[in-house]
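Side-chain atoms are counted along with the backbone in the values below, which use heavy atoms only and exclude waters and symmetry mates. Note that the coordinates shown come from a computational prediction; the quantities given were computed from them, not determined experimentally.
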Amino acid sequence: MKPTRVFVAILLCAVTLLSGCRMSVSLTGGTVDPRAKTVEINTFPNNASLVNPTLSQSFTTGLKDKIQSQTPLTIVNRQGDYEFEGEITGYSVAPVAIQGNDVAAMNRLTITVRVRFTNKFDETQNFDQSFSRYADYASSRNLSSVEGTLVSEICDALTDDIFNKAFVNW
């Protein structure tokens, strides 16, 4: 055989062998089971004692957007191959960075979300866990003037944490 034919034969064998292997890897470093096609993301109700009226919708939409943009999964209303459910359990503001005159230089907004994740193909990946993130802001600022930006930043960080736990196993 000529060297070109040998190369073509080896290449065809390699392609045939590799096409039999199925593995799904995303650019984010996460993996999705190749059998999984759908994900169910239920609305996360706000059960915190202090309620931000738009937080439930903002957080749920952010989680859906993250999963939709980072995985090949289709969002369904019921019986997804993966399922996310839970609730917002904490929304609080507390002073931090107390100065010498007992006045806070900064305040901290903290959001906590409890998430139950179910993987129909691998039950060892299931979890029921709380995730918490915060953002600080100057105490000279009114919460209502910075709340929208802070909530968006915190929700982004929370959805990253949840995504990583479900698909990257961090």
Side-chain angles (χ1 to χ4, degrees), residues 21-96 106-139 141-170:
C21 299
R22 292 182 62 204
M23 186 169 103
S24 177
V25 178
S26 76
L27 295 176
T28 61
T31 58
V32 175
D33 189 297
R35 299 169 289 178
K37 305 293 180 226
T38 60
V39 60
E40 176 184 347
I41 303 170
N42 296 306
T43 299
F44 283 70
N46 193 342
N47 296 332
S49 56
L50 181 61
V51 175
N52 174 319
T54 61
L55 181 57
S56 174
Q57 186 64 40
S58 297
F59 174 77
T60 303
T61 300
L63 184 58
K64 286 180 179 180
D65 290 347
K66 176 76 173 176
I67 291 169
Q68 205 163 30
S69 69
Q70 301 294 321
T71 71
L73 299 171
T74 301
I75 295 175
V76 296
N77 292 328
R78 286 186 292 185
Q79 299 178 340
D81 297 325
Y82 296 120
E83 180 182 4
F84 290 88
E85 63 180 340
E87 57 274 341
I88 298 162
T89 59
Y91 187 89
S92 62
V93 177
V96 292
M106 303 289 285
N107 287 325
R108 176 170 291 169
L109 174 62
T110 304
I111 300 174
T112 304
V113 180
R114 180 176 176 200
V115 179
R116 290 175 295 283
F117 172 74
T118 305
N119 178 334
K120 286 188 177 180
F121 301 110
D122 184 359
E123 290 184 7
T124 65
Q125 299 296 315
N126 295 354
F127 63 84
D128 183 342
Q129 179 178 331
S130 288
F131 296 84
S132 187
R133 284 296 190 128
Y134 64 86
D136 295 339
Y137 65 97
S139 62
R141 310 265 329 251
N142 187 335
L143 175 62
S144 61
S145 69
V146 295
E147 190 171 19
T149 302
L150 296 176
V151 166
S152 179
E153 290 174 14
I154 295 169
C155 284
D156 286 347
L158 285 168
T159 57
D160 284 346
D161 291 346
I162 294 162
F163 179 87
N164 288 338
K165 176 70 175 174
F167 298 110
V168 184
N169 293 323
W170 281 7

Query raised in the report: Under 4.5 Å between any side-chain heavy atoms of Lys120 and Arg35, yes or no?
Result: no
Query raised in the report: When rounded to the nearest 0.5 angstrom, what distance separates CD1 in Ile154 from OG in Ser58?
Result: 12.0 Å
Report summary line: Hits for side chain to side chain contact (heavy atoms under 4.5 Å, CB included) against Glu153, two or more places apart or cross-chain, chain-then-number order -> Ala135, Thr149, Leu150
Report task. Hey, could you give me the CD/OG1 distance between Gln79 and Thr38, rounded to the nearest 0.5 Å? Result -> 9.0 Å
Query raised in the report: Are any side-chain N or O atoms of Thr118 and backbone N or O atoms of Asn126, one a donor and one an acceptor, separated by less than 3.5 Å?
Result: no
Query raised in the report: Is there side-chain contact between Phe131 and Lys165, with at least one heavy-atom pair below 4.5 Å?
Result: yes
Query raised in the report: Nearest heavy-atom pair of Pro72 and Val32: which atoms, and what distance?
Result: CD-CG2, 4.2 Å
Report summary line: Contacts of Leu50 meeting side chain to side chain contact (heavy atoms under 4.5 Å, CB included) (sequence neighbours excluded), chain-then-number -> Tyr91
Query raised in the report: Can you name the one residue among Ser145, Ser144, Ser139 that meets side-chain hydrogen bond (donor to acceptor under 3.5 Å, both in side chains) with Asn142?
Result: Ser144
Query - Listed partners of Phe117 passing ring pair (Phe, Tyr, Trp, His ring centres under 6.0 Å), at least two apart - result: Tyr82, Phe84, Phe127
Query raised in the report: Do the side chains of Asp160 and Lys66 get nearer than 4.5 Å, heavy atoms only?
Result: yes
Query raised in the report: Is Val39 close to Thr71 at the side-chain level, that is, under 4.5 Å between some pair of heavy atoms?
Result: no
Report task. Applying side chain to side chain contact (heavy atoms under 4.5 Å, CB included), run through Val96 and Asp136 and close with a yes or a no. Result -> CA-CA 8 Å; Val96 292; Asp136 295 339; 4.2 Å; yes
Query raised in the report: Are Ile75 and Leu73 close enough that some pair of their side-chain heavy atoms sits under 4.5 Å apart?
Result: no
Report task. Decide, yes or no, whether a salt bridge links Arg116 with Glu87 under the criterion of side-chain N to carboxylate O below 4.0 Å. Result -> yes
**Report entry** Side chain Thr112, main chain Thr89, donor-acceptor under 3.5 Å
**Finding:** no
Report task. Determine whether Asp128 and Arg114 make a side-chain contact, defined as any pair of heavy atoms from C-beta on separated by less than 4.5 Å. Result -> yes
**Report entry** Smallest separation among heavy atoms of Tyr134 and Arg108, with atom names
**Finding:** CD1-NE, 3.1 Å
Query raised in the report: Which heavy atom of Glu40 sits nearest a heavy atom of Gly80, and at what distance?
Result: OE1-N, 3.6 Å
Query raised in the report: Under a 4.5 Å cut-off applied to non-hydrogen side-chain atoms, are Ile111 and Leu55 in contact?
Result: yes
Query raised in the report: Hey, is the main chain of Ser56 close enough, under 3.5 Å, to the side chain of Thr60 for a donor-acceptor pair?
Result: yes
Query raised in the report: Tell me, do Val151 and Phe59 make a side-chain contact under 4.5 Å, heavy atoms counted?
Result: no
Requested in this report: Please round to the nearest 0.5 Å and tell me the distance separating atom CG of Asn119 and atom OG1 of Thr124.
Outcome: 7.5 Å
**Report entry** Gap between atom CG of Leu63 and atom CD of Gln68 - 0.5 Å precision
**Finding:** 11.0 Å
Query - CG-CZ distance between Asp81 and Phe121, expressed to the nearest 0.5 angstrom - result: 4.0 Å
